[in-house]
Amino acid sequence: MSQLHVSASPHIHSGNSTSGIMRDVLIALLPTTLAGVIIFGWRALLVLLVSVGSAVGFEALWQWLLKKDQTITDLSAAVTGLLLGLNLPANIPLWQVVIGNLFAIIVVKCLFGGLGCNLVNPAITGRVFMLVSFGSLVKNAFPVGVDATTSATPLGTLAAGGTVSYADLFLGNVGGAIGETCKLALLIGFVYLLVRRVITWHLPVVFIASSFVLTFLFNGFDLNAAALMTLSGGLFIGAIFMATDYVTSPATAWGKVVFAVGAALITVMVRLWGNYPEGVSYGILLMNILTPYIETWTRHKRFGEVKKA
Amino acid sequence: MMKFSLPGVHVPHRKHTASSVGERIPTPQTVTIPTAMHIGKPARLLVKVGDTVFVGTKIAEADGAVSSVIHASVSGTVTKIYDMLQSNGRTVPAAVITSDGNMTPDPSLAPRTVSSREELIAAIRESGVVGLGGAGFPTHVKFSVPEDAIEELVINGAECEPYITSDTVTMLTRADEMAYAISQLRTYYQIKRVVIGIEKNKPEAIASMQKMAASLEGVEVKVLPSLYPQGGEKVLVYHTVGKVIPMGKLPLDVGCVVVNVTTLAAIGRYLMTGMPLVEKCLTVDGGAVKKPQNVIAPIGTPLSEVFAFCEGFSSEPAKLLYGGPMMGVALSDMSAPVLKNTNAILALTAKEAKLPKTTACIRCGACTNHCPFGLNPAALERAYERRDAEALDSLCVTLCMECGCCSFNCPANRPLVQTHKLAKVFLRDAKSKEAKS
Ligand code: SF4
Ligand code: SF4
């Protein structure tokens with residue numbers, strides 16, 4: 001008789017795994033990635049490849065230098081790299097992409113102890129870091145086939161009093177970061193994540209809906225403008241893919257709602273009154289920092305809990 | 001009354017043996033009966049080497065209030081008494097009985113008529129019955145209460161663990177014994193309601209129990225969702241009678257007593273025939289078992305003989321379990337005996353027993369969102385890693401029933417249940433130290 005294995009219960013497992021979840025996120029990002037490459041051309045593909053490659057490379061290098069177990073197979077670095085790349089314009093210098101990933105992976109993730117220990121979302125923080133360091137990332141972005149001289153981002157156009165068509169906004173035929181413009185592709189990814197039960201609807205739906213309502217309230221009760229603003233910029237990709245990062249958002253349904261409303265408030269305030277045309281990153285980043293507190297406030301009621309005097 | 005159902009997990013059912021009603025295995029040559037097959041103090045042996053015993057002869061007396069009587073499960077001779085190391089790490093005296101092959105019942109056994117509540121409690125005590133759902137808590141202790149203390153008798157037929165179908169067998173074949181026990185209990189306690197909770201994946205058991213319930217007054221069958229762990233005591237009470245048992249309290253504190261279906265049938269059999277708890281119907285299953293089925297075996301039968309009756313193994317077992325895969329105990333040795341509270345023995349293949357690699361917690365919330373009691377296992381794990389007794393206390397680690405929903409779903413396969421077990425011990429020690437200083 002060979003060895004009988006003895007361990008604590010339970011002795012079976014659902015088969016859920018971190019790499020499986022990350023694989024689902026990558027699959028959900030596929031439509032957006034495709035749309036981005038179609039809209040912005042081969043240069044977009046190059047940016048994404050460099051971004052994913054450098055994110056994975058930096059994590060592998062870090063683990064190797066510190067002689068720790070290799071973690072890149074959990075695919076979380078690939079997700080960070082792809083998300084950061086999708087949040088950049090197609091014409092960004094490639095060295096900036098590499099620096100952005102260096103910051104996201106090494107400073108934000110690895111230095112804090114790796115996956116699960118980071119306080120803020122690496123991709124979001126990487127993007128904000130690049131925005132601060134390299135200046136106007138978003139302004140130079142334009143879709144192929146659109147006249148470069150007239151193509152501002154929709155948020156820029158709206159801020160300047162111009163107008164954009166709903167169809168262009170929804171299909172992504174506007175300026176912006178590679179992965180943020182095509183709402184259709186992002187929504188397909190969202191549905192996939194819901195079906196696969198990777199995320200719940202609470203955070204994205206409440207984030208987008210409250211952004212719409214708040215823009216309407218703060219921006220002169222203009223339904224049309226509020227709708228256009230909501231469909232513009234990085235709100236969808238942020239709400240669906242960045243804010244829902246497990247590590248840096250609350251676990252409970254109510255926690256997600258609180259997070260979403262807070263992030264929407266900051267997003268709208270930055271968009272309407274801030275110096276930057278886009279506020280989604282700041283909204284998510286600030287709520288990332290508040291997440292531990294939100295989790296404490298919104299924890300589940302325990303069964304049979306008796307109030308302590 | 002009930003506002004929402006508690007969370008849980010969808011475990012695979014794997015009830016392959018549901019239609020096997022339990023064949024009696026040939027009398028084993030020897031049985032090994034430990035004096036602790038229950039929660040509480042080990043029983044005190046009454047026999048010595050060389051004594052002749054019959055099926056049902058009392059061989060050990062309950063020692064103190066929380067303990068249980070133990071009987072011989074075969075007729076023959078006591079051939080050895082030794083200290084046995086049990087799977088929980090405890091060493092207790094055990095008696096080995098060599099069978100004479102006749103299975104002669106003890107001549108003194110006779111139906112047990114009772115005429116008062118005290119006599120009924122004494123009879124339950126003498127029957128040697130303990131919680132047969134797995135817990136092994138001496139049943140007479142649960143009933144040692146005033147006659148008006150029990151409002152609801154909740155009967156646990158949930159059988160929520162994968163593989164196990166031995167309670168289903170009870171519900172299909174022992175309804176008469178269950179009914180007799182219920183009527184006797186109702187005679188001596190002012191029980192208002194009797195509710196039998198069964199998961200909806202057992203339609204035949206439900207039908208059998210509904211038939212029994214129809215013949216008795218005030219007995220209802222409550223069909224539960226197939227969502228593990230419906231059989232957890234607090235979960236069951238909530239889902240059957242809608243009462244919330246406060247943290248740190250027992251079912252009795254809300255006027256409920258919970259007994260498992262097989263426990264109830266064993267009480268019924270003792271009252272009707274005088275035969276105490278000497279044999280168990282158990283599910284023998286797992287991918288490594290050649291012929292999975294339910295069998296009836298004398299208590300003390302070595303597991304190796306039970307497996308041999310099921311034609312042995314089709315492949316090398318990698319893990320051997322007492323009980324189900326969610327809460328069962330892994331064994332290192334095939335010679336371990338069938339115990340009073342053994343409802344299944346599983347031999348899992350390496351593939352079935354394979355657990356994913358443990359990686360870092362990604363704070364996905366799957367654990368806390370599936371905990372029936374709303375605990376936060378990830379936070380508990382972090383608190384235990386810091387050895388933070390205060391945090392463990394405020395996170396209510398003692399509420400954890402070790403059901404395994406959290407570990408089952410964790411994508412990082414964190415050893416959450418194991419950590420909670422250790423954390424409870426740590427917290428108890430920390431508190432007792434504090435009390436002393
Ligand atoms: S389920 Fe596992 S990975 Fe997810 S929060 Fe709980 S412990 Fe962490
Ligand atoms: S914390 Fe305890 S009660 Fe909650 S799911 Fe885990 S094992 Fe079950």
Any donor-acceptor pair under 3.5 Å linking the side chain of [X] with the backbone of [Y]?
| X | Y | result |
| --- | --- | --- |
| B:S407 | B:G404 | no |
| B:T283 | B:T165 | yes |
| B:T419 | B:E381 | no |
| B:R414 | B:T359 | yes |

* Asked: Mind checking what makes side chain to side chain donor-acceptor pair (under 3.5 Å) contact with A:D24, not counting sequence neighbours?
  ->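 Only A:Y192, A:R196 meet the side chain to side chain donor-acceptor pair (under 3.5 Å) criterion with A:D24.
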* Could I get the full list of side chain to side chain donor-acceptor pair (under 3.5 Å) partners for A:T296, not counting sequence neighbours? => none
Pairs of heavy atoms under 4.5 Å with chain A: top-ranked of [options]:
| options | value |
| --- | --- |
| B:L331, B:L321, B:I245 | B:L321 |
| B:L355, B:L320, B:I362 | B:I362 |
| B:Q418, B:H10, B:E402, B:M326 | B:M326 |
| B:A360, B:G328, B:A412 | B:G328 |

* Below 4.0 angstrom, N of the basic side chain to O of the carboxylate: do B:E352 and B:K319 qualify? ->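 Between B:K319 and B:E352 there is no salt bridge, as every charged N stays at least 4.0 Å from the carboxylate O atoms.
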* Asked: Under 4.0 Å between a Lys/Arg side-chain N and an Asp/Glu carboxylate O for B:K431 and B:D393?
  ->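 Salt bridge between B:K431 and B:D393, a charged N being under 4.0 Å from a carboxylate O: yes.
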Under a 4.5 Å heavy-atom cut-off, does chain A meet the side chain of [X], its backbone, both or neither?
| X | result |
| --- | --- |
| B:L399 | side chain |
| B:A318 | backbone |
| B:L346 | neither |
| B:L395 | both |
| B:L6 | side chain |
| B:C364 | both |
| B:K234 | both |
| B:N409 | both |
| B:R14 | side chain |
| B:P415 | neither |

* Say you draw a straight line from CG of A:D69 to CG of A:D74; how long is it, rounded to the nearest 0.5 Å? -> 11.5 Å
* Asked: At what distance, to the nearest 0.5 angstrom, does NE2 of A:H11 lie from NE2 of A:H13?
  -> 13.5 Å
* Asked: chain B heavy atoms under 4.5 Å from A:I12: which part of the residue, side chain, backbone, both or neither?
  ->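 Contact with chain B is through both the backbone and side chain of A:I12.
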* For A:R302, is it the side chain, the backbone, both or neither that has a heavy atom under 4.5 Å from a heavy atom of chain B? -> both
* Go through the steps to decide whether A:F303 and B:Y238 satisfy the test ring pair (Phe, Tyr, Trp, His ring centres under 6.0 Å), and finish with yes or no. => CA-CA 10 Å; A:F303 188 76; B:Y238 183 66; 5.5 Å; yes
* **Residue selection (most heavy-atom pairs with chain B, distance under 4.5 Å) from A:A8, A:C117, A:S17, A:G15** => A:S17
